[in-house]
Amino acid sequence: MTQLSWTNNLLILSGSKSIEERHFYLKLSIKENYSKRELDRQITSAYYERYLLSEGNALPTTNKTIDEDDYPNTRVLDLYSLEFLDLPNEYSESDLKNAIVKNLKDFILEVGKDFTFIGDEYRVQVGNHDLFIDLLFFNRELSCLVAFELKLGEFKAEYLGKMNLYLEALDRDVKKKNENPSVGVILCSSKDKNIVEYSLSKNMSQTLISEYKLKLIDKKLLENKLNEMKKNLENNEE
């Protein structure tokens with residue numbers, strides 16, 4: 001494609017195993033105006049596979065799909081790769097937050113370039129209590145505030161109540177009238193899908209739960225999971 005540099009075209013041709021994957025990276029690169037380094041990172045981190053495997057995680061404020069011109073910021077990924085943080089084996093939630101802020105450009109590349117950083121430890125007030133949101137962003141494409149809560153261990157159901165309080169405070173006191181309802185992302189190092197499903201089943205929360213890994217994820221493993229998901233979909237259609 002003439003809209004991309006020759007180098008980026010070669011990266012996509014050599015790094016894609018299917019026409020669908022090639023089409024995905026072509027559209028993504030044109031929209032996001034990726035440099036060679038940024039595009040290489042997305043391919044190496046299996047962004048395509050992680051995006052498709054996150055099919056059920058459409059942002060609550062939008063009904064857009066992969067086929068529309070303005071992806072990728074229509075989904076919160078099930079699995080984020082934060083290998084660029086270069087954290088030690090033992091670290092705290094504060095270390096994680098500070099490392100993200102320090103590497104904000106790479107974090108925004110991972111979550112999507114339509115995210116604009118507002119602040120960390122963002123204060124909202126409920127009654128006489130000051131509450132602090134780990135990371136607050138604004139998504140320009142979706143026109144909504146996005147709050148990130150960072151957790152070191154496995155997702156726990158009680159995290160959802162705290163996030164719902166944050167979102168209510170944001171919608172009442174921070175959100176502008178022309179903006180969509182705020183969205184929350186609870187980012188944990190692991191999650192039990194059953195706990196997540198039970199927690200969200202009767203909850204009208206605008207919150208999604210995602211995992212993060214501090215090392216590059218095995219691309220082959222994700223490819224196998226994606227192929228398995230496609231086979232299941234095909235079987236269900238028969």
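Not measured: the values here are computed from a predicted model.
- In this structure, the separation between CZ on Phe84 and CG on Leu216 is 10.5 Å, given to the nearest 0.5 Å.
- Under the 3.5 Å distance criterion, the side-chain polar atoms of Lys191 are left unmatched by any main-chain donor or acceptor of Phe155.
- Distance check: Ile133 CD1 to Lys162 NZ gives 10.5 Å after rounding to the nearest 0.5 Å.
- A pairwise comparison of heavy atoms in Gly153 and Cys188 identifies O-CB, 3.4 Å as the closest pair.
- The two residues Pro181 and Cys144 have their closest heavy-atom pair at O-CB, 3.5 Å.
- In this structure, Arg22 contributes its side chain and Ser16 its backbone to no donor-acceptor pair below 3.5 Å.
- In this structure, the ring of Phe107 has its center no less than 6.0 angstrom from the ring center of Phe117.
- The backbone N or O of Asn9 lies less than 3.5 Å from no partner atom in the side chain of Tyr25, so there is not a single donor-acceptor pair.
- Asp40 contributes no side-chain N or O that, together with a main-chain N or O of Lys36, makes up a donor-acceptor pair within less than 3.5 Å.
- Considering Leu187, Val196, Leu77 in turn, Leu187 is the only one that fulfils the side-chain contact (heavy atoms from CB on, under 4.5 Å) rule with Ser210.
- Atom NZ of residue Lys151 and atom OG of residue Ser190 lie 13.5 Å apart, to the nearest 0.5 angstrom.
- For Asn89, the CG atom is loosely surrounded, since the number of other residues' heavy atoms within 6.0 Å does not exceed 12.
- With Glu83 as reference, Arg41 is the one residue of Lys215, Arg41, Lys213 to meet the salt bridge (Lys or Arg N to Asp or Glu O under 4.0 Å) rule.
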Which is it for Val124 and Asp173 under the side-chain contact (heavy atoms from CB on, under 4.5 Å) test, yes or no, and what are the steps along the way? CA-CA 8 Å; Val124 291; Asp173 303 324; over 6 Å; no
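- Between Phe148 and Phe137, the ring planes are perpendicular. Angles over 60° get that label, and only those under 30° would be called parallel.
- Within a 6.0 Å sphere centred on OH of Tyr198, heavy atoms belonging to other residues, nucleotides or ligands number 12 at most.
- The backbone N or O of Asp106 lies less than 3.5 Å from no partner atom in the side chain of Asn103, so there is not a single donor-acceptor pair.
- Using a distance-only test at 3.5 Å, with no hydrogens or angles considered, a donor-acceptor pair links the side chain of Asp95 to the main chain of Ser92.
- A salt bridge (Lys or Arg N to Asp or Glu O under 4.0 Å) with Glu49 is found for exactly one of Lys225, Lys17, Lys219, Lys220, namely Lys219.
- Taking both residues in full, the closest heavy atoms of Tyr80 and Val111 are given as CE2-CG1, 3.8 Å, listed atom of the first, atom of the second, then distance.
- With hydrophobic clusters built from ILVMFWY side chains whose heavy atoms lie under 4.5 angstrom apart, Ile43 does not share a cluster with Leu221.
- Here Phe138 contributes atom CZ and Thr116 contributes atom OG1; the two are 8.0 Å apart, rounded to the nearest 0.5 Å.
- Of all the heavy atoms in Leu79 and Ser54, the pair that sits closest is N-OG, 4.4 Å.
- Cluster membership check: Tyr91 shares its hydrophobic cluster with Leu82, using side-chain heavy-atom separations under 4.5 Å among Ile, Leu, Val, Met, Phe, Trp and Tyr.
- Without hydrogens or angle criteria, Arg50 side chain to Leu222 main chain gives no donor-acceptor distance under 3.5 Å.
- To the nearest 0.5 Å, atoms CD1 (Ile209) and CE (Met163) are separated by 8.5 Å.
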For Glu149 and Asp134, what are the C-alpha separation, side-chain angles and deciding distance, and is it a side-chain contact (heavy atoms from CB on, under 4.5 Å)? CA-CA 5 Å; Glu149 185 74 356; Asp134 285 340; 3.4 Å; yes
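- Side chains of Ser182 and Asp171: a donor-acceptor N/O pair is present below 3.5 angstrom, by distance only.
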Take Val183 and Asn139 through the test side-chain contact (heavy atoms from CB on, under 4.5 Å) and record every step on the way to the result. CA-CA 10 Å; Val183 171; Asn139 188 287; over 6 Å; no
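- Ile195 is connected to Ile186 through a chain of hydrophobic side-chain contacts under 4.5 Å among Ile, Leu, Val, Met, Phe, Trp and Tyr, so both are in one cluster.
- The shortest heavy-atom contact between Leu167 and Ala147 is CD2-CB, 4.4 Å.
- Although no hydrogens or angles enter the test, the distance criterion places no donor-acceptor pair under 3.5 Å between the side chain of Ser143 and the main chain of Arg140.
- A salt bridge does not link Lys193 with Asp78: none of the charged nitrogens is closer than 4.0 Å to a carboxylate oxygen.
- Across Arg172 and Glu168, no two heavy atoms sit closer than the pair NE-OE2, 2.7 Å.
- In this structure, Lys113 NZ and Leu28 CG are separated by 9.5 Å, a value rounded to the nearest 0.5 Å.
- In this structure, a donor-acceptor pair under 3.5 Å is present between the side chains of Gln42 and Tyr34.
- Salt-bridge annotation for Glu141 and Lys31: absent, with no side-chain N of the basic residue lying under 4.0 Å from a carboxylate O of the acidic one.
- No side-chain donor-acceptor contact under 3.5 Å links Asp192 to the backbone of Glu154.
- Electrostatic pairing of Asp130 and Arg123 counts as a salt bridge here, judged by a charged N lying under 4.0 Å from a carboxylate O.
- Of the residues listed (Leu136, Ile100, Val101, Leu104), the one engaging Asp120 in a side-chain contact (heavy atoms from CB on, under 4.5 Å) is Val101, and it is the only one.
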Under the criterion side-chain contact (heavy atoms from CB on, under 4.5 Å), I'd like the reasoning laid out for Phe24 against Leu52: C-alpha separation, chi angles, the key distance, then a yes or no. CA-CA 10 Å; Phe24 177 90; Leu52 289 187; 5.6 Å; no
